[in-house]
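Sequence lines set the chain letters: A, B, ... in the order given, protein chains first and strands last, and positions in each chain run from 1.
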There are 2 protein chains.
Amino acid sequence: MHMAPRNDSCKSCPIRHSAVCAECDADELAILEQVKSYRTYAPGEAIASAGEPLDHLSSLVTGCATMSRTLEDGRRQSVGLLLPADFIGRPGRNVSLYDIEAVSEVTLCRFERLQFEKLVRNTPHIAARLLTMTLDELDAAREMAVTLGRRTAREKIASFLVSLARRQSAATKLSVPKAPVVLHLPLSRHEIADHLGLTIETVSRQLTMLRKTGVIGMVDSRDIAIPDFERLQLEAGEDDGTG
Amino acid sequence: MHMAPRNDSCKSCPIRHSAVCAECDADELAILEQVKSYRTYAPGEAIASAGEPLDHLSSLVTGCATMSRTLEDGRRQSVGLLLPADFIGRPGRNVSLYDIEAVSEVTLCRFERLQFEKLVRNTPHIAARLLTMTLDELDAAREMAVTLGRRTAREKIASFLVSLARRQSAATKLSVPKAPVVLHLPLSRHEIADHLGLTIETVSRQLTMLRKTGVIGMVDSRDIAIPDFERLQLEAGEDDGTG
DNA sequence: CGGTTCATTGAGCCACATCAAGAAGTGTGG
DNA sequence: CCACACTTCTTGATGTGGCTCAATGAACCG
């Protein structure tokens with residue numbers, strides 16, 4: 001629970017143009033500068049817990065986190081993978097419905113809840129951006145539901161790799177990853193399993209199946225080579241709705 | 001594809017206080033009155049199709065619809081059950097990502113897309129309400145992900161009944177359904193199966209299991225009696241995140 | 001009445017879970 | 001530098017929840 005970098009300028013912020021502040025002009029940014037604060041979390045550290053108060057709203061600046069629910073008997077399901085620019089928390093609610101856990105070292109750009117809610121009310125650029133981001137998350141959550149409900153283990157793994165590759169290349173401005181060569185997995189097998197509603201053993205087995213059939217290559221257990229992205233999409237049983 | 005009631009007054013609208021217009025004042029309502037139009041759909045009729053243009057945004061006024069995706073080989077997964085007050089369509093996108101299908105006779109209160117987007121920009125009460133509703137849908141979609149990914153068939157069925165009972169009693173202002181006695185299922189076995197990532201046979205079997213163990217009673221195949229709501233919640237493996 | 005659709009029930013099977021055992025990496029202390 | 005513990009990943013053997021296939025029943029309708 002260490003405080004992080006003194007307030008860096010928003011101008012040099014890596015998520016300046018993709019986070020909730022993306023549409024803000026210079027004046028609005030100046031206000032954000034005044035009320036924001038950074039905080040970092042170590043890998044494995046809890047950022048929020050289901051049912052507990054969450055009195056800051058934040059943007060994830062660097063690192064990776066998961067959002068999950070654990071049932072009484074220990075079954076866990078991830079409901080979202082948080083990457084840079086993703087927003088954490090819900091304006092209008094001071095309790096988290098999910099556990100949010102840092103997977104790698106995470107830096108958040110935080111706003112005190114009441115202050116941020118006031119900003120949302122008074123800053124149309126923030127409200128509009130927040131709406132757009134929430135709608136995008138909703139699409140992603142529904143896509144997840146299709147995967148969890150109807151895809152096979154193999155398709156789930158392939159889908160996961162595809163969506164990860166897409167998000168990674170979106171961050172580097174290539175909307176269609178032509179040859180991302182190698183994809184780094186931010187999650188362990190266990191975390192992937194929880195994300196896809198599988199067990200670690202099934203995740204491991206399906207990854208080796210994909211490797212043995214040449215769909216992917218494995219540099220090491222966390223780095224996946226994708227020689228043919230379209231073939232991977234095919235394995236994912238993708239149906240992007242444009243049919 | 002028949003046009004529905006001439007423009008009824010918003011004042012007598014059944015979803016006046018729960019739809020996207022809920023927070024509007026009299027002046028704002030007057031504007032909505034001018035640009036809205038009603039349309040009804042027969043049971044089974046398509047309201048939108050995945051990948052096809054959707055040039056109206058609407059509120060569902062009466063009836064019930066599903067939102068789903070069908071994969072090439074016919075596997076179908078519902079990603080949402082649309083009931084009165086629910087919003088259909090996404091501002092800023094003119095294509096639907098999902099099939100939306102009337103399950104019963106449906107009446108929509110529709111707005112032409114560009115007009116509505118302008119309203120969102122210029123009417124904070126609408127923008128704020130839309131954000132709140134979108135955040136609620138996001139919570140629901142994530143809850144769905146937990147159910148699809150980690151609950152057993154029996155728990156899925158019980159969860160579904162619980163959430164249906166909650167939504168039904170929310171519509172009638174009781175936040176905790178004390179004894180809703182009998183719950184009407186708006187969906188067929190097939191539609192329930194697609195909603196829960198199961199087959200019709202499993203849905204049928206689990207319903208009879210719940211009946212045989214006394215958790216529910218069946219008036220007929222579409223009407224379920226719930227003698228003890230808490231017991232049903234227990235069967236659902238509910239973990240509402242509050243502790 | 002037959003035809004059609006929807007729900008239930010049974011028998012058998014299979015994809016994925018569970019249980020169990022290595023293997024490979026990583027960090028710590030001597 | 002190695003020995004050891006510990007964690008993560010892989011692989012194999014076996015079990016099972018829910019799917020598939022198939023038949024029957026029940027409601028509706030022309």
Can you tabulate the close N/O pairs, meaning under 3.5 Å, that link protein atoms to atoms of nucleotides 18-22 of chain C?
from	atom 1	to	atom 2	distance (Å)
C:dT18	O4	A:Arg205	NH2	2.9
C:dC19	N4	A:Glu201	OE2	3.0

Any chance you could list the contact pattern along nucleotides 24-30 of chain D? Use B for base contacts, S for sugar-phosphate-only contacts and - for none, protein heavy atoms under 4.0 Å, 5' to 3'.
-> -------
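- The existence of a salt bridge linking B:Arg189 and B:Glu201 is excluded, since no basic side-chain nitrogen approaches an acidic carboxylate oxygen closer than 4.0 Å.
- A salt bridge links B:Glu238 with B:Arg166: the distance from a Lys NZ or Arg NE/NH1/NH2 to an Asp or Glu carboxylate oxygen falls below 4.0 Å.
- The phosphate of C:dC6 has neither OP1 nor OP2 within less than 4.0 Å of any side-chain N or O from B:Ser221.
- End-to-end axis angle of the helix from C:dC1-D:dG30 to C:dG30-D:dC1, from C1' rotation axes over five pairs per end: 30° (rounded to 10 degrees).
- B:Leu198 comes within contact range of the sugar-phosphate backbone alone, with a heavy-atom separation under 4.0 Å but no base atom that close.
- A salt bridge does not link A:Arg150 to A:Glu155: none of the charged side-chain nitrogens sits closer than 4.0 Å to a carboxylate oxygen.
- Using a distance-only test at 3.5 Å, with no hydrogens or angles considered, no donor-acceptor pair links the side chain of A:Arg151 to the main chain of A:Val146.
- Taking atom CG of residue A:Leu207 and atom P of nucleotide D:dT8, one finds them 17 Å apart after rounding to whole Å.
- A donor-acceptor pair under 3.5 Å is absent between the side-chain atoms of A:Asp223 and the main chain of A:Ala225, judged by distance alone.
- Spacing between atom CG of A:Leu196 and atom P of C:dA15 amounts to 19 Å, rounded to whole angstrom units.
- A straight line from CD1 of A:Ile200 to C1' of C:dC16 spans 14 Å, rounded to a whole angstrom.
- Within the nucleic acid shown, B:Ser188 comes within 4.0 Å of sugar-phosphate atoms alone, with no base atom in reach, counting heavy atoms only.
- Nearest nucleotide to the A:Met218 side chain, out of D:dT10, D:dG18, C:dT9: D:dT10.
- Shown for residues 144-157 of chain B: residues whose heavy atoms fall under 4.0 angstrom of DNA chain D, namely B:Thr152, B:Ala153.
- Picking from C:dA7, D:dC9, D:dG18 the nucleotide with the shortest atom distance to the side chain of A:Arg222 gives D:dC9.
- Applying the side-chain hydrogen bond (donor to acceptor under 3.5 Å, both in side chains) rule to B:Thr62 yields the partners B:Thr107; only residues at least two apart in sequence or on another chain are considered.
- For residues 59-87 of chain B, the pairs satisfying ring pair (Phe, Tyr, Trp, His ring centres under 6.0 Å) are B:Phe87-B:Phe116, with sequence neighbours left out.
- Comparing C:dT9, D:dG18, D:dC9 by their closest approach to the side chain of B:Arg211 singles out C:dT9.
- Each of B:Leu210, B:Leu207, B:Leu234 was evaluated against B:Val215; a single residue qualifies, B:Leu210, per the side-chain contact (heavy atoms from CB on, under 4.5 Å) test.
- A distance of 9.5 Å separates OG in B:Ser78 from CZ in A:Arg142, rounded to the nearest 0.5 Å.
- Look at CG on A:Asp220: it is 15 Å from P on D:dT8, rounded to the nearest Å.
- Atom CD1 of A:Ile224 is separated from atom P of D:dT10 by 8 Å (rounded to the nearest Å).
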Would you sort out whether A:Asp55 and A:Arg110 count as a salt bridge (Lys or Arg N to Asp or Glu O under 4.0 Å), showing the intermediate values?
-> CA-CA 10 Å; A:Asp55 45 28; A:Arg110 309 190 310 162; 5.7 Å; no
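- Rounding to whole angstrom units, CD1 of residue A:Ile192 and P of D:dT8 are separated by 13 Å.
- Summarising the geometry, the separation between CD1 on A:Ile216 and C1' on D:dT10 is reported as 14 Å, rounded to the nearest angstrom.
- The existence of a salt bridge linking A:Glu191 and A:Arg76 is excluded, since no basic side-chain nitrogen approaches an acidic carboxylate oxygen closer than 4.0 Å.
- The pair B:Asp139-A:Arg90 meets the salt-bridge criterion, since a charged nitrogen lies less than 4.0 angstrom from a carboxylate oxygen.
- Remark: B:Arg69 CZ to B:Ser96 OG distance equals 9.0 Å, nearest 0.5 Å.
- Rounded to an integer number of Å, the gap from A:His190 NE2 to D:dT7 P is 13 Å.
- A salt bridge links B:Asp73 to B:Arg75: at least one charged side-chain nitrogen sits closer than 4.0 Å to a carboxylate oxygen.
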